[in-house]
Amino acid sequence: MNKKKAGIIAGAAAVALAVAGTAAWYYLRGNGGAGSSADKVYVETVSSLTSANSGSQSRYSGVVEAQETWDVNKDSEREIKEVFVKEGDTVEEGTPLFEYDMDEVQGEIQQAQLELEGMQNDITNLQSQINQLSREKNAASEGERFEYTADIQEKQNTIKQTEYNIESKKAEIQKKQESLEKAVVTSKIAGVVKAINESGTDMTGETAAYMTVLAVGDYRVKGTVSETNVQFLSEEQPVILRSRVDEEQTWNGTISKIDTQNEEKSNDDMYMDSGSGTEKATKYPFYITLESTEGLMMGQHLFIEMDEGQTETKEGLWLFEGYIVQEEGEAYVWASNDKNKLEKRIVELGEYDENLAAYEITGGLTEEDAIAFPMEGLYEGVTTVTDISEVDYSSPLYNQEGEEGEGDGTSEDGELSEEGEMLNEEDLSDDLSDEAPNELLDELSDQKLDESGSNGEEELYEDGEEDSADGGSESDETDTEGTDGEDTESAE
């Protein structure tokens with residue numbers, strides 16, 4: 001065999017080996033070779049994810065109270081003469097609650113009436129004086145009339161001021177008389193006397209209602225929201241109320257009022273700011289009208305959630321959109337296969353629920369399948385676990401910004417083993433020699449020989465001619481062939 005033809009065959013074999021090696025690298029990478037055996041990812045069953053109800057919902061605290069609460073504020077300028085009820089008493093509309101001591105007011109009214117009579121007498125006297133001055137003015141000389149005129153005008157102005165004072169005094173008397181009529185305070189609603197606050201202040205020293213009456217009838221729920229979350233609430237917004245004892249027991253309602261004008265008093269409304277100090281987080285009350293009060297008790301504490309359809313029972317399999325990856329017109333999830341290895345599982349999507357932010361899965365996934373939440377760097381073949389404590393967060397998967405080449409399962413040349421270990425050249429050659437078909441090498445060799453048979457010799461000959469033409473002698477060509485021969489024997 002021509003020595004150069006033998007070199008062509010060896011080169012073709014090397015090319016075939018390199019091609020097969022590249023294919024093997026991609027094969028191993030696609031079958032879990034990319035990564036480290038230390039990588040593990042936590043998966044959860046689809047059924048456990050779809051059965052999670054309100055745990056992810058924002059919750060607020062609420063308490064059942066009467067549909068209407070009437071706070072009776074005491075006149076700070078009056079003393080209470082008698083209280084007709086006590087805490088816990090049931091009252092009807094119009095029932096007397098307490099009576100002010102009005103003795104002082106009666107005295108003030110009498111004094112004001114005397115002052116009113118005096119001012120009216122003053123006007124009568126002034127009018128008589130004006131009449132007298134007018135008669136004298138008509139009988140006086142031309143030079144004296146000016147003084148009469150000035151005197152008359154002064155008395156007329158005094159009458160006008162007295163008339164104004166009379167009207168003010170009448171209004172004062174009217175107000176005091178009305179207070180006499182309201183000496184006995186009666187209930188505006190039918191209900192129960194919840195509290196009587198003799199001091200008129202609360203625990204913080206702020207002014208508080210003297211008496212509180214709770215209406216009898218349907219309940220409502222009073223919630224509390226902090227200043228940081230009040231923006232997420234709105235009136236007429238539907239809500240779900242959940243029992244603190246049994247979260248499966250729920251009621252529905254609607255936010256009827258958000259009272260941002262009255263701060264909710266609490267000793268627990270504190271939070272830490274970004275600095276070293278403590279700031280006060282203002283809280284506000286909001287109220288919920290209930291669709292049904294069956295099963296509720298006065299004073300019962302509840303969880304309040306915004307109604308986003310979480311209690312609705314939907315047919316089919318619905319999955320939160322965060323678990324679904326959509327690329328190039330396809331949707332897939334990261335699922336665990338029967339070998340506990342992660343794989344891309346193509347799924348078919350149905351309808352989308354904006355309230356739940358979930359897609360209906362119509363194919364490719366069942367409730368028994370376990371899936372992982374998509375994260376940067378996930379790859380097919382990584383080991384899956386259902387116990388999160390088994391995840392090693394120091395592994396390369398969770399430290400992708402580490403040192404270059406560390407924990408990526410590649411050698412300096414980029415070869416990978418099935419377990420992510422580095423392959424040396426000898427191992428790669430052995431693996432390929434077992435798997436690569438001999439026909440590939442034979443086919444490549446035959447192809448090269450055919451080409452060289454028709455063109456190769458001519459090319460070699462032409463090269464020789466060119467060498468000769470360039471001044472090379474026959475002895476030079478022979479020496480070259482001899483050199484090639486030595487190289488071939490050495491290689492053999």
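Electrostatic pairing of Lys341 and Glu380 does not count as a salt bridge here, judged by no charged N lying under 4.0 Å from a carboxylate O. One finds no salt bridge joining Glu65 and Lys222 here, because no Lys/Arg side-chain nitrogen approaches an Asp/Glu carboxylate oxygen to under 4.0 Å. Under 4.0 Å is where a charged nitrogen must lie from a carboxylate oxygen, and between Arg345 and Glu343 at least one such pair does. Using a 4.0 Å cut-off between a side-chain N of Lys or Arg and a carboxylate O of Asp or Glu, Arg59 and Glu247 qualify as a salt bridge. In this structure, Asp392 does not pair ionically with Lys40, as no charged nitrogen and carboxylate oxygen lie closer than 4.0 Å.
Between the side chain of Thr384 and the backbone N or O of Leu342 there is no donor-acceptor pair closer than 3.5 Å. Panel note: side chain Thr162, backbone Thr158; a donor-acceptor pair is recorded below 3.5 Å.
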Item to check | Test side-chain contact (heavy atoms from CB on, under 4.5 Å) applied to Met211 and Phe98, step by step | outcome: CA-CA 10 Å; Met211 188 177 293; Phe98 59 89; 3.9 Å; yes
Checklist entry - Given the rule in the side-chain contact (heavy atoms from CB on, under 4.5 Å) test, do Val239 and Thr254 qualify, once you have shown the distances and angles that lead to the verdict? => result CA-CA 6 Å; Val239 298; Thr254 304; over 6 Å; no
Next on the checklist: Assess the residue pair Phe303 and Ser243 against the criterion (side-chain contact (heavy atoms from CB on, under 4.5 Å)); give the C-alpha distance rounded to whole Å, side-chain angles, the decisive distance to 0.1 Å, and a yes or no.
Outcome noted: CA-CA 6 Å; Phe303 290 124; Ser243 169; over 6 Å; no
Next on the checklist: If you apply the rule salt bridge (Lys or Arg N to Asp or Glu O under 4.0 Å), what do you find for Glu172 with Lys175, and how did you get there?
Outcome noted: CA-CA 5 Å; Glu172 180 182 338; Lys175 185 177 179 180; over 6 Å; no
Item to check | Derivation and outcome, side-chain contact (heavy atoms from CB on, under 4.5 Å), residues Leu296 and Val64 | outcome: CA-CA 7 Å; Leu296 288 174; Val64 179; 4.1 Å; yes
Next on the checklist: What verdict does the side-chain hydrogen bond (donor to acceptor under 3.5 Å, both in side chains) test give for Tyr379 and Asp39, after you've listed the backbone C-alpha separation in whole Å, the side-chain angles of each residue and the deciding distance to 0.1 Å?
Outcome noted: CA-CA 10 Å; Tyr379 58 89; Asp39 290 340; 2.8 Å; yes
Next on the checklist: The test is side-chain hydrogen bond (donor to acceptor under 3.5 Å, both in side chains); show your working for Asp259 and Asn262 and say whether it passes.
Outcome noted: CA-CA 6 Å; Asp259 192 359; Asn262 294 295; 2.7 Å; yes
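Cation-pi geometry between Arg220 and Tyr287 is satisfied (NZ or CZ under 6.0 Å from the ring centre, within 45° of the ring normal).
Between Ile258 and Glu235 there is a side-chain heavy-atom pair separated by less than 4.5 Å. Here the side chains of Met119 and Tyr164 are not in contact, with every heavy-atom distance at 4.5 Å or above. By the 4.5 Å heavy-atom criterion applied to side chains, Ile123 and Glu163 are counted as neighbours. Using a 4.5 Å cut-off on side-chain heavy atoms (C-beta onward), Trp334 and Pro374 make contact. Contact check for Thr224 versus Tyr60: no side-chain heavy atoms found under the 4.5 Å cut-off. For the pair Leu319/Val333, a side-chain contact is recorded, criterion being any heavy-atom separation below 4.5 Å from C-beta on. Using a 4.5 Å heavy-atom threshold, the side chains of Phe373 and Val41 count as separate. A heavy-atom distance below 4.5 Å is found between the side chains of Arg244 and Ser61.
Each of Lys170, Lys169, Lys176 was compared with Ile173 under the side-chain contact (heavy atoms from CB on, under 4.5 Å) criterion, and only Lys169 meets it.
Annotation: Gln156, atom CD; neighbour count of heavy atoms from other residues, nucleotides and ligands within 6.0 Å is above 12. Glu294 CD: 12 or fewer foreign heavy atoms inside a 6.0 Å radius.
With rounding to the nearest 0.5 Å, the separation of CD1 in Ile152 from CD in Glu136 is 9.0 Å. One finds the CG atom of Asn73 at 6.5 Å from the CG atom of Asp71 (value rounded to the nearest 0.5 Å).
The nearest pair of heavy atoms linking Tyr352 to Ala358 is CD1-O, 3.3 Å.
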